[in-house]
Amino acid sequence: MSFRYLRRRTTATHRWAGLSLTAPLLGLAVYACALPAWADAPPVTDLTELSLEQLMTIEVTSVSKNAQPLAQAAAAVFVISQEDLRRSGVRTIPEALRMAPGIQVARIDSRRWAVSSRGFNGEFSNKLLVLMDGRTVYTPLFSGVFWDVQDTSLEDIDRIEIIRGPGATLWGANAVNGVINIITKKAKDTQGLLVVAGAGTEERGFTTVRYGGSLGTDTQFRIYGKYFDRDDFARSNGDSAADGWRNTRSGFRVDHEASARDSLTIQGDYYSGSAGADFQEPLLAAPFSRNVLSKWGYAGGNLLSRWKHSFADGSSFVLQTYYDRTERESALFGERRDTIDLDAQHTFAWGNSQRVVWGLGYRFTNDQLVNTSTLQLTPYSRFVSTFSGFAQDEITIIPDTVAFIAGTKLEHNDYTGFVVQPSGRLRWTPTHNLTIWGAVSRGVRTPSRAEDDVRINQRALPPNALFTGSPVALVSLLGNRGFQAETLAAYELGTRYQPIESLSIDVAAFYNRYDNLRSFEPGTPFAETSPSPVHLVVPLKTSNKLAAETHGVEVSTDWRPLEWWRLQTSYTYLNIRMLTGSSLDPTRANASGESPQHQVSVRSLMRLPGNLELDLWGRYVDQLPAIAIPGYFNLDVRLGWRPVKNLEVSVVGQNLLDTRHPEFSSTTVPLNGSEIQRGAYVKLVWRY
């Protein structure tokens with residue numbers, strides 16, 4: 001299969017996806033133009049004006065798959081609200097995740113991030129499950145996330161719920177170290193017209209246009225489109241990294257209340273983008289490597305429907321299905337992937353003291369890959385199916401005081417067969433302002449397509465490098481069909497405490513034991529005749545010979561020293577100890593030095609006279625010795641102003657404490673990284 005073939009198929013798919021997803025948008029847009037002018041936008045909710053007690057009653061759904069007050073969640077959960085997004089000045093979802101304790105976020109270049117929870121960070125982090133409105137967005141290619149396509153209108157996000165620690169009992173394999181659930185607003189909460197525009201030094205230009213309206217009294221909709229153009233980052237010597245990033249995206253959502261007990265949601269997105277990147281291609285002749293500049297292109301779309309029925313006895317049933325299409329093309333590799341997912345969930349009360357939620361799911365994915373001289377997967381196409389079922393029971397032992405939550409997930413995948421992921425949680429609320437919880441959980445990370453089938457030629461060694469008279473050699477990472485699932489036993493203890501009306505404190509501590517972790521074990525070199533000339537292959541084969549222990553503490557506080565001033569702080573301590581056992585992996589000790597041991601975040605949000613807002617965000621991230629990244633301090637500043645009710649103007653400065661700095665470097669795939677530069681931009685938001 002050639003890139004030319006993929007490009008033809010990609011173009012055809014773009015046209016099909018563009019028509020299938022854009023047609024309903026155009027229809028809704030025509031209807032929207034006929035709506036009366038009185039369809040005003042709802043007022044913006046300023047969460048800084050809510051009391052801390054009110055904030056603790058904000059409902060979260062990711063912990064139990066049912067809405068419950070944040071204060072009652074028996075897990076290490078952190079919520080990033082729409083107001084947090086607005087006041088932070090971030091332009092991407094990964095940047096927003098820096099607000100949460102226990103989350104490691106490092107930017108590699110203009111479009112790539114390393115994001116993880118409680119350690120084991122990397123560009124291809126594989127122990128964190130990410131969802132967008134209940135749609136799983138991790139890729140089975142490497143059990144991680146392509147963050148460059150996880151985008152939507154930030155103004156349409158209602159909240160981001162972040163669970164640190166295993167969520168596998170409800171969400172399944174790969175929810176090992178955490179779950180991130182990005183939840184967008186209902187269509188009824190995005191009525192009217194919204195226009196966002198801005199430009200700056202690194203953010204060369206961006207715009208979002210969204211319109212929400214009604215189709216009768218029981219149906220609301222919104223449509224949106226957005227575009228951005230980001231500047232090149234820099235190399236360590238100050239030269240341009242030639243990795244500028246451009247992206248367009250459009251989407252829609254329709255919410256229909258069929259009756260008092262039935263609701264239906266249909267939503268979809270289509271996106272297309274490109275970015276520059278370069279990598280080191282090994283060569284079998286001098287100079288034995290070359291830098292390849294490549295334009296990375298990607299496109300895709302998704303369509304989701306969700307039906308919910310509420311029964312008279314208070315129980316409910318939810319049926320959700322979605323289709324997702326992704327395409328990527330570069331000089332390093334190409335991919336086309338189709339995914340279909342179906343989930344059913346039933347929630348009911350059992351007697352007066354138990355609440356049960358259970359469900360069944362099925363996911364099917366098919367990929368077609370384009371191989372290159374650097375990265376190959378064999379076979380080039382593969383079908384993978386996953387069947388799952390889960391059940392969780394919340395038992396009230398003492399009303400409003402003590403509850404026990406027990407559950408398990410049973411899952412069958414084509415890689416390792418059946419896996420079981422149980423958990424038990426205890427919540428104690430001795431007083432209205434104090435909650436103490438503890439948990440014991442098991443998580444599983446199933447193999448990915450890459451770990452089974454990949455070959456990555458990392459570098460070429462010149463003649464005589466291995467021994468006198470040795471020919472040129474290729475150091476290659478090889479997949480292994482015998483690769484097993486990684487397992488985790490997790491122990492957690494946490495508390496939420498509000499000692500005074502203006503201060504809340506959240507503390508979580510954990511100890512994790514990992515077994516069967518991925519390692520790259522050296523094999524016996526062998527000769528290879530193709531491609532010419534004859535050369536040796538020095539194999540590093542995926543295996544499961546590593547184990548690890550981690551422990552840490554995550555603390556976050558929310559303090560209102562004055563009515564107009566809010567101060568949020570967080571501190572994360574993480575210690576990783578690798579247990580190498582019989583592993584000979586040359587990189588076996590790196591995991592402990594690829595995630596920061598200490599992280600600090602301090603956010604100051606002030607409402608000033610004259611409709612002004614001044615927001616400061618300072619961060620410290622510890623060094624990453626395994627990849628030679630020094631620790632750094634950072635400061636972002638935002639000044640906002642509302643000259644009139646429907647217009648907001650803001651000026652944002654980012655990474656202000658130095659000209660540029662590195663945050664991460666890729667080690668598995670030979671992609672070159674960049675350094676993050678100081679930047680500033682102006683943003684206008686108009687609502688009508």
Side-chain angles (χ1 to χ4, degrees), residues 13 16-17 20-21 61-62 65 126 128-146 149-152 161 167-176 179-184 251-254 263-271 299-309 316-328 335-347 357-368 381-392 409-416 418-419 421 444-449:
T13 303
W16 172 85
S20 62
L21 291 177
T61 60
S62 302
K65 281 200 172 183
N126 52 28
L128 180 65
L129 185 66
V130 182
L131 305 103
M132 179 86 71
D133 285 327
R135 175 175 57 88
T136 301
V137 300
Y138 89 97
T139 172
L141 182 64
F142 62 90
S143 296
V145 176
F146 284 120
V149 299
Q150 310 316 323
D151 188 28
T152 188
E161 298 179 0
T169 296
L170 293 178
W171 299 105
N174 303 316
V176 177
V179 178
I180 295 175
N181 195 4
I182 303 159
I183 301 170
T184 63
F252 74 96
R253 173 166 175 160
V254 178
S263 62
L264 175 67
T265 294
I266 300 175
Q267 61 188 86
D269 303 274
Y270 174 72
Y271 59 85
N302 60 80
L303 190 63
L304 176 146
S305 66
R306 184 187 306 109
W307 169 59
K308 180 177 181 180
H309 176 75
S316 64
F317 176 79
V318 179
L319 180 65
Q320 175 181 284
T321 184
Y322 66 80
Y323 166 72
D324 186 277
R325 168 79 171 194
T326 62
E327 299 179 352
R328 306 183 77 86
E335 177 193 24
R336 292 186 287 119
R337 181 176 298 278
D338 297 281
T339 302
I340 297 174
D341 187 278
L342 178 65
D343 282 288
Q345 175 185 315
H346 181 212
T347 304
V357 54
W358 70 279
L360 300 172
Y362 170 73
R363 179 177 298 126
F364 163 84
T365 183
N366 168 241
D367 61 28
Q368 294 187 21
S381 181
R382 190 170 176 183
F383 298 82
V384 177
S385 296
T386 303
F387 301 86
S388 64
F390 76 92
Q392 179 170 283
K409 181 114 178 177
L410 179 64
E411 190 169 277
H412 182 276
N413 64 80
D414 291 346
Y415 295 105
T416 60
F418 284 99
V419 294
Q421 300 171 93
V444 172
R445 204 274 293 178
T446 58
S448 66
R449 174 85 148 91

Check: [Y] main-chain N/O paired with [X] side-chain donor or acceptor under 3.5 Å:
X	Y	value
Lys308	Val318	no
Gln392	Leu170	no
Thr139	Val145	no
Asp338	Asn366	no
Asp367	Arg337	no

Nearest 0.5 angstrom please: [X] [atom1] to [Y] [atom2], how far?
X	Y	atom1	atom2	answer
Arg325	Thr339	CZ	OG1	10.0 Å
His346	Trp358	NE2	CH2	7.5 Å
Phe390	Gln345	CZ	CD	4.5 Å
Gln320	Leu342	CD	CG	9.0 Å
Leu303	Tyr270	CG	OH	14.5 Å
Asn302	Met132	CG	CE	8.5 Å

(request) Kindly assign one of parallel, tilted or perpendicular to the pair Trp307 and Phe317, based on the angle between their ring planes and the thresholds 30° and 60°. (result) perpendicular

(request) Can you run down the salt bridge (Lys or Arg N to Asp or Glu O under 4.0 Å) pairs that involve residues 128-146, sequence neighbours left out, and say none if there aren't any? (result) Arg135-Asp324

Within-4.5 Å side-chain heavy-atom neighbours: [X] and [Y]:
X	Y	answer
Arg253	Thr184	yes
Trp171	Thr136	no
Ile340	Tyr362	no

(message) side-chain contact (heavy atoms from CB on, under 4.5 Å) for Asn174 and Asn126? Distances and angles first, verdict last.
(response) CA-CA 7 Å; Asn174 303 316; Asn126 52 28; 5.9 Å; no

(message) Here's a test for you: under side chain to side chain donor-acceptor pair (under 3.5 Å), which of Asp341, Asp343, Thr386 qualifies with Arg363?
(response) Asp341

For [X] versus [Y], what's the shortest heavy-atom pair and its separation?
X	Y	value
Asp414	Ser385	OD2-N, 2.8 Å
Pro140	Thr365	CG-CG2, 4.0 Å
Ser143	Ser448	OG-CB, 3.3 Å
Leu129	Tyr138	CD1-CD2, 3.7 Å

(request) Could I get the full list of ring pair (Phe, Tyr, Trp, His ring centres under 6.0 Å) partners for Phe146, not counting sequence neighbours? (result) Phe142

(message) Just to verify, which of Ile180, Ile182, Asn181, Val137 counts as forming a side chain to side chain contact (heavy atoms under 4.5 Å, CB included) with Leu131?
(response) Asn181

(message) Could you work out, with side chain to side chain contact (heavy atoms under 4.5 Å, CB included) as the rule, every residue matching Asp151, not counting sequence neighbours?
(response) Lys226, Phe228, Asn247, Arg249

